[in-house]
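Just below is one structure, and these are the notes that go with it.
Residue numbers begin at 1 in each chain, while the letters A, B, ... track the order of the sequences.
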Amino acid sequence: MQYVSDHPILGKGEAKELTIFFDGKPVKGYEGQTVAAILMENGVRTFRYTAKRREPRGLYCGIGQCTDCIMIIDGVPNTKACMTFAKEGMRTETQHGNGKTVDAGRENADERV
Amino acid sequence: MKEYDAIVIGGGPAGLGAAIEVAKAGGHPVLIDENARPGGQLFKQIHKFFGSREHYAGTRGFAIGEKLLQEAEDEKVEVQLNTRVWGIFPDHIVTAVSGKEAVCFRGKTIILAAGASENSLSFPGCTLPGVMMAGAAQTMMNLYRTLPGKEILMIGSGNVGLIVAYQLMQAGAHVKMLIDAAAETNGYEVHAAKIKRAGVPIRLGHTIVRAEGNGRVESAVICKVDAAFHPVPGTEEKIDVDTVCVAVGLSPRVELSALAGCRFTWAGALGGQVPVHTSGMETTVPGIYVAGDGAGTEEASTALDQGRMAGVSAAHRCGLLSDLREAEEHRKIQERLDMLRSGQFGEKRKSAEQAVWKAAGE
Amino acid sequence: MDEEKIICRCEEVTEKEIMQAIEGGARSLDEVKKRTRAGMGYCQGKTCKKLIARMLSSYTGEPMEKFLPGSIRMPVGPVSLSVLAASEEAAKEGTK
Amino acid sequence: MAAEKAVVIGGGIIGNACAAYLAEGGFSVALLERKELACAASGGNVGQISVIDRAEPWHMRLTLNSLKTYREISEKEDLEFSQDGGSILIENDDDFEQAEKLQEEMKTFDVPSEILEGNDVLRYLPGADLSLVKGIFYCPWEGSINPLKTVMYFRDRAVRAGAEIREYCPVESFRKEGSVIRSAHTPEGDFEADYFINCAGSWASRIGKMAGVPTRLSWRRGTAMITQPIPVIARGQMCGHALFGGTSEVIGGNGSELISLGLVQTKDGGVLIAQATKYTDADDKDITLSGVSGVAAGFIRHFPCCRDTEILRMWSAVTPFSDDGNPFFGFGKNAVNLLTAAGFKGAFTTSPEIARETVRALKGHSELFDSKFSPDREVRGYHAVCE
């Protein structure tokens, strides 16, 4: 939604800017923020689509308990966006179903063929 | 394997209080927390706390957190961050994962201070992005300065609902309405008054019917409920919001106490199922203690003192404190806890807590 | 119960499916789980347990405490196989 | 004429299947479970269906008839039954030799199988490490079934046929007149019947002893875990090469060693990994750290691509077995109306036919009436853990 740069209690935000990627597009955030925070600030609400009903999901519990916010982060599926601190250049992707582990695993298996 | 005097799991106020007391008694505790820094939910609390001087009255939550961290550092408490406990095995062995590494701890005692989790609520549309726990909204704005939404419907008039609604406004959101199925607000009047003054309508006797929207919350439908909490037909009302915050209570996190084999009892005023414990916070498993919201959901100040109580008990078990010293420390802490458990809500928690002690045979 | 209400968010189990399990004889969180998969997903029931316990309670008229906390198993939160494999060794060595 | 009464003791797969077939066969049935249905071995196992598990004709008959039943049921009910095939790992020359022997045996029952080597292994085990897994013995008839759904399916059938299912209703003693049991005593009251069926799984020996029938069962502990959904690493089920170690070792184990790794990848992609360890007590459900680490290490040694795969849940279950490899089936000398049906290896593979055999037994003629299955028999190699 937006970054609260001036807060009546927390004061002014002074963290350094950084850029991460969401489905290939660069989005701006700040050091010390989680992936979930940065994406929400940039208007992203859907972090994944579920396996069975293909429904969108986003942030729910915010403290790593519910796993609604899992995404593919730097290639690793099922990563909780609410618990992952952003790093410059981090790649985040919308996860579909159980994520690309399926493909990743096949690749691993096929490599040996 | 190195043996600690106490393995303290959870670095919120309860865990910090416990570890500090064990260290103060000359013991060697390890404080384990899954987050990047300890403090638990304290750093999300930007409001001023009530209570007495010992409870840092008038100080904001995050500032209390800073003080406790300083105290823990002064007492040389060993802290293991980014470390998530996944199991408890016989002989007080605690297994955890730190990054991608397996780590294990053995302790003379274990103090469980895992906190609480927010209760979920199910309604049509409850999985739409934009429906979130109030705590999630609070984490977003107070830890990361991210406004989780612009037009908010808050469900729940307990302290969490009231406080987070107010904080959402402080951060610049528009809280359109706060609803609760109950006929009266559940939280402190001070908090309710603040958001009423800010012009937020509080609709009691109302519930959410559904959240609507295409791929994200675009509106919510609410309606009146009767005395039995059943929806009253024809009272549906649609409000345009982009975010629905759910604040319908907290439950103690009991996974670890259950795995440790602790016996449970029901204490509605303390969030439901709680591990049976003595006034000294020992569970039904000797050498395993609980403190804070994980022992029964109360308040941060209570958690801190319960932690100190458990720390004193654990130090005594390790032979670091005499019987007399333990009794004396317990008495002092208990006095403070009694003070915290006064007033309309406090009394209820007090009698619930006493029933828990009774279940432990006190 | 006309509209679909998700109770178990991980396994996408609806209130209706859980009610069918209860009507079919499920009388505990475990039995609901065995019939519907509710509580078997990524969060292992952390989010839905209390909701299901409430359904069981209102259907049977028995108090919530009869149904909670249900069976709780390790690990608390998902843990990778390599970490599990290394844990016995870590227990022998201890930390640092 | 009033229906004959049967009390089924035990709410696992055999108990529920028996309750269903008995009730449908005209008996008035009460099933007594000491805790909850499928709370022990039936709830804790991975649902392997194995044709190659045992090569005796009686067992093969139970297996093939049961598979036919599962196929029929699956036309109407989704028990996640599948015959996707299954493999036994081959890790050395001895294993190859054993595999060839097994193939010969299977041929006599017209059960198809093949032995694969090298890269061909990946056809069925795409995730296996070929430096360790030199080959596999593959049988296309192997399969798996959802154990919980299957137990509940038979339970529902039993209830529809009029059976009464009682949970938290442990049998504490029997009232006998001579060698005839009149009633089973429980905290919920006494249950009178004409017949009592002991399918209490790990508890069958305790039930047996209450009635004066020795039922010399042993137990081992199975440690099991399930992963998050992942890509296909194994088509069908898989057993470790210890299965080639000779029947006695696999059936009986030898002391405290780890016994054979087994896995099934479920429809949604989760991998159920299980391994049996050492002798244990019938009620020992503790998970040990060495058990957990052992299972995890054994698995990722064979499937290194799963190192970072996450485990969502782990549990352990006690599984009963008999040291001589034979089940306990038949009436007891000191309890002539107590029919024991316990200690069957891979009970999910054979339970429908075991249940039908039970109905036949109550009517006086079972092909399993054999002194080598007698619950009164001495058992060679019996480790009396709880005596």
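For the pair Gly215(B) and Thr46(A), the tightest heavy-atom approach, listed with the atom from each and the gap, is O-OG1, 3.7 Å. For the pair Leu59(A) and Met140(B), the tightest heavy-atom approach, listed with the atom from each and the gap, is CD2-CG, 3.7 Å. Listed here is the closest heavy atom pair of Gln65(A) and Ser117(B): OE1-CB, 3.4 Å. What you find for Arg45(A) and Pro129(B) is that their closest heavy atoms are O-CB, 3.4 Å. Contact between Tyr144(B) and Glu41(A) at its shortest, heavy atoms only, is O-OE2, 4.1 Å. Of all the heavy atoms in Cys126(B) and Tyr60(A), the pair that sits closest is O-CE1, 4.4 Å.
Annotation: maximal heavy-atom pairing with chain A below 4.5 Å, among Gly130(B), Ala136(B), Gly135(B), Ala134(B), occurs at Ala136(B). Contact count against chain A (heavy-atom pairs under 4.5 Å) is highest for Arg60(B) among Met141(B), Arg60(B), Gln167(B). Among Arg253(B), Glu34(B), Glu118(B), the residue with the largest count of heavy-atom pairs under 4.5 Å with chain A is Arg253(B).
In this structure, the portions of Gln33(A) lying under 4.5 Å from any heavy atom of chain B include both its backbone and its side chain. When heavy atoms are compared at a cutoff of 4.5 Å, Ala36(B) approaches chain A solely by way of its side chain, counted from C-beta outward. For Asn142(B), the parts sitting under 4.5 Å from any heavy atom of chain A are the backbone and the side chain alike. Ile63(A) touches chain B through its side chain: at least one heavy atom from C-beta onward sits under 4.5 Å away, while N, CA, C and O do not. For Thr34(A), the parts lying near chain B are the backbone and the side chain together; criterion is any non-hydrogen pair under 4.5 Å. Interface residue Phe85(A): only side-chain heavy atoms are found under 4.5 Å from chain B. With a 4.5 Å cut-off on non-hydrogen atoms, Thr139(B) touches chain A through its side chain but not through its backbone.
When atom types are taken as modelled, the side chain of Arg145(B) and the backbone of Lys12(A) share a donor-acceptor pair closer than 3.5 angstrom.
At a threshold of 4.5 Å between non-hydrogen side-chain atoms, the residues Lys150(B) and Gln2(A) count as touching. With contacts defined as side-chain heavy-atom distances shorter than 4.5 Å, the pair Met83(A)/Asn35(B) qualifies. Counting heavy atoms from C-beta outward, Thr127(B) and Arg57(A) have side chains that approach closer than 4.5 Å.
Met132(B) CE to Cys69(A) SG: the interatomic distance, rounded to the nearest 0.5 Å, is 11.0 Å.
Within a 6.0 Å sphere centred on CD of Glu101(B), other residues, nucleotides and ligands contribute 12 heavy atoms or fewer.
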